[in-house]
Visitor: 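My questions will all concern the structure given below.
Keep in mind the model is a prediction, meaning the values are calculated, not measured.
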Amino acid sequence: MKMKLLNLLFIILLAFNVSADPGDEAQMVWDKVLKAHVSVAGVVDYAAIKADPNFSKTVALFSNQHPDASWSRNEEMAFWINVYNVFTVKLIIDNMPLKSIMDIDKPWDKKFVKLKDKVYSLNQIENEILRPKFKDPRVHFAINCASYSCPKLANYVIRAESLDATLTKLTKSFLADTNRNKITADKAELSQIFEWFADDFTAKSDLIGFINSYAPVQIKQGVKPSFITYSWALNGK
């Protein structure tokens, strides 16, 4: 009897620990959606996501949360990255059919991201929370704007416990992607992300110094970067 009670207590404590992790159920359901409908290359099957009840469940679960003082830095940052990606996908499927997110009027200024009693736009999440609060330029490679030239939407959820490694992995992957960046020792044809958000990438070094920290090829100092015209074509079927 004593052993049974101890086992029961262990199960209760384990359940409490799992449920205490901010956003854990939302992350698990979102992860299922991503693995089912986003390819390794980042191609998104928006029609399949729209038809998948797990996506509406994902939106509901994230909508019922909001970070507070009890959350760690990594928990909060991972949450906002996932929310940005979930609601970008929602914006697309709510406006289908379309060929580009730019077909939507002011897509990043729409205040439709409902989290408990607060409502945000995608611009607010990116430019008033993620960028200024966390000051980590690698975040640009974790959030997805539903477009071909964007860093790909990862087909797995972003988790707090592996956040640093994941941000590095996504940054390296983007810089190694020759469809979005063409880098040699003597040439740096870069995504316009590096032009638009130059201040983020030069806060601790020059732009080439940042690139060289993650690129598969080291660019020589003195090389002047150029920027590849951005394609806003939808990143999916």
Visitor: Is V113 close to V119 at the side-chain level, that is, under 4.5 Å between some pair of heavy atoms?
Guide: no
Visitor: Apply the test side-chain contact (heavy atoms from CB on, under 4.5 Å) to residues I143 and W80: give CA-CA distance (whole Å), side-chain angles for both, the deciding distance (0.1 Å), then the verdict.
Guide: CA-CA 9 Å; I143 57 176; W80 286 115; over 6 Å; no
Visitor: If only atom types and distance count, is the side chain of T168 paired as donor or acceptor with the main-chain N or O of D164 below 3.5 Å?
Guide: yes
Visitor: With R138 as the cation and Y214 as the aromatic partner, state whether NZ or CZ is under 6.0 Å from the six-membered ring centre and within 45° of the axis.
Guide: no
Visitor: Mind listing the closest non-hydrogen atom pair of A215 and L175 along with its distance?
Guide: N-CD1, 4.0 Å
Visitor: Let me confirm one number: the CG-CE distance from L61 to M28, rounded to the nearest 0.5 Å.
Guide: 9.0 Å
Visitor: Under a 4.5 Å side-chain heavy-atom rule over Ile, Leu, Val, Met, Phe, Trp and Tyr, are V217 and I228 clustered together?
Guide: no
Visitor: Given 3.5 Å as the limit, does a donor-acceptor pair link the side chain of S39 with the main chain of G42, or not?
Guide: yes
Visitor: Can you tell whether the side chains of K133 and E128 come within less than 4.0 Å, N to carboxylate O?
Guide: no
Visitor: Hey, does the side chain of S100 reach the backbone of W232 with a donor-acceptor pair shorter than 3.5 angstrom?
Guide: yes
Visitor: For D186 and T184, run side chain to side chain donor-acceptor pair (under 3.5 Å): C-alpha distance rounded to whole Å, both residues' side-chain angles, the deciding distance at 0.1 Å, then the answer.
Guide: CA-CA 5 Å; D186 301 302; T184 68; 5.2 Å; no
Visitor: Taking all atoms of both residues into account, what is the closest heavy-atom pair of I101 and S147, and its distance?
Guide: CG2-OG, 3.7 Å
Visitor: What is the distance from atom NE2 of H140 to atom SG of C150, rounded to the nearest 0.5 Å?
Guide: 12.0 Å
Visitor: Could you check whether any side-chain heavy atom of T166 comes within less than 4.5 Å of a side-chain heavy atom of Y156, counting everything from C-beta outward?
Guide: yes
Visitor: Check the angle between the aromatic planes of W196 and Y230 and answer parallel, tilted or perpendicular using the 30° and 60° thresholds.
Guide: tilted
Visitor: Do L190 and L207 pass the side-chain contact (heavy atoms from CB on, under 4.5 Å) test, and can you show the C-alpha distance, the side-chain angles, and the key distance before you say yes or no?
Guide: CA-CA 11 Å; L190 304 176; L207 180 57; 4.0 Å; yes
Visitor: First locate atom OG of S191, then atom NZ of K182, and finally report the distance between them rounded to the nearest 0.5 Å.
Guide: 12.0 Å
Visitor: Taking the side chain as every heavy atom from C-beta outward, state whether K118 and Y120 have any pair of such atoms under 4.5 Å apart.
Guide: yes
Visitor: Could you grab the distance from atom CG of L130 to atom CG of D136, nearest 0.5 Å is fine?
Guide: 10.0 Å
Visitor: Are W71 and M77 connected in the hydrophobic side-chain network, where two residues link if heavy atoms are under 4.5 Å apart?
Guide: yes
Visitor: Do I49 and I92 have side-chain heavy atoms sitting under 4.5 Å apart?
Guide: no
Visitor: Should W30 and Y46 be counted in the same cluster of Ile, Leu, Val, Met, Phe, Trp and Tyr side chains packed under 4.5 Å apart?
Guide: yes
Visitor: For S231 and S149, which heavy atoms make the closest approach, and how far apart are they?
Guide: N-OG, 2.7 Å
Visitor: Measure from the side-chain N and O atoms of N82 to the backbone N and O of A78, and report whether any donor-acceptor pair falls under 3.5 Å.
Guide: yes
Visitor: Which heavy atom in A160 sits nearest to a heavy atom in N74, and how many Å separate them?
Guide: O-ND2, 3.4 Å
Visitor: I'd like to know if the side chain of N181 and the backbone of I183 have a donor-acceptor N/O pair within less than 3.5 Å.
Guide: no
Visitor: Supply the atom-to-atom distance D177 CG to R180 CZ, rounded to the nearest 0.5 angstrom.
Guide: 4.5 Å
Visitor: Hey, any chance V44 and L98 share a hydrophobic cluster, counting ILVMFWY side chains that come within less than 4.5 Å of each other, even indirectly?
Guide: yes
Visitor: Any salt bridge between K187 and E189, counting N to O under 4.0 Å?
Guide: yes
Visitor: Identify whether V59 and V83 are in the same connected component of the hydrophobic contact network (ILVMFWY, side-chain heavy atoms under 4.5 Å).
Guide: yes
Visitor: State whether the number of non-hydrogen atoms from other residues, nucleotides or ligands found under 6.0 Å of K32 atom NZ is greater than 12.
Guide: no
Visitor: Within a radius of less than 6.0 Å around NZ of K35, do more than 12 heavy atoms belonging to other residues, nucleotides or ligands occur?
Guide: yes
Visitor: May I ask you to decide if S121's main-chain N or O and K110's side chain share a donor-acceptor pair within less than 3.5 Å?
Guide: no
Visitor: So I158 and L170, side-chain contact (heavy atoms from CB on, under 4.5 Å) or not? Walk me through it.
Guide: CA-CA 11 Å; I158 306 298; L170 292 172; 4.2 Å; yes
Visitor: Is a side-chain donor-acceptor pair under 3.5 Å present for N144 with N235?
Guide: yes
Visitor: Would the distance check show the side chain of R159 and the main-chain N or O of D24 forming a donor-acceptor pair, the cut-off being under 3.5 Å?
Guide: no
Visitor: Is any side-chain heavy atom of L153 closer than 4.5 Å to one of V89?
Guide: yes
Visitor: Is the side chain of Q218 donor-acceptor paired with the backbone N or O of N212 at a distance under 3.5 Å, no angle test?
Guide: yes
Visitor: Between F141 and F201, how do the two ring planes meet: parallel, tilted or perpendicular, split at 30° and 60°?
Guide: tilted
Visitor: Closest heavy-atom contact between A188 and I219?
Guide: CB-CD1, 3.8 Å
Visitor: Step through the shown structure and confirm whether more than 12 heavy atoms of other residues, nucleotides or ligands are within 6.0 Å of NZ on K114.
Guide: no
Visitor: Answer yes or no: is there a donor N or O on one side and an acceptor on the other, between the side chain of D31 and the main chain of Q27, under 3.5 Å?
Guide: no
Visitor: Could you give me the CA-CA distance, side-chain angles and deciding distance for F134 and E76, then say whether side-chain contact (heavy atoms from CB on, under 4.5 Å) is met?
Guide: CA-CA 10 Å; F134 300 103; E76 186 173 356; 3.8 Å; yes
Visitor: Considering all heavy atoms of both residues, which atom of K152 and which atom of V40 are nearest to each other, and what is their separation?
Guide: NZ-O, 3.0 Å
Visitor: Can you tell me how far the CD1 atom of I81 sits from the CD atom of E126, to the nearest 0.5 Å?
Guide: 11.0 Å
Visitor: Heavy-atom distance under 4.5 Å between the side chains of R131 and F197, does that happen here?
Guide: yes
Visitor: If the condition is salt bridge (Lys or Arg N to Asp or Glu O under 4.0 Å), which residues does D94 pass it with, not counting sequence neighbours?
Guide: K90
Visitor: Within the distance-only criterion (no hydrogens, no angle test), does the side chain of T58 pair as donor or acceptor with the backbone N or O of N54 below 3.5 angstrom?
Guide: yes
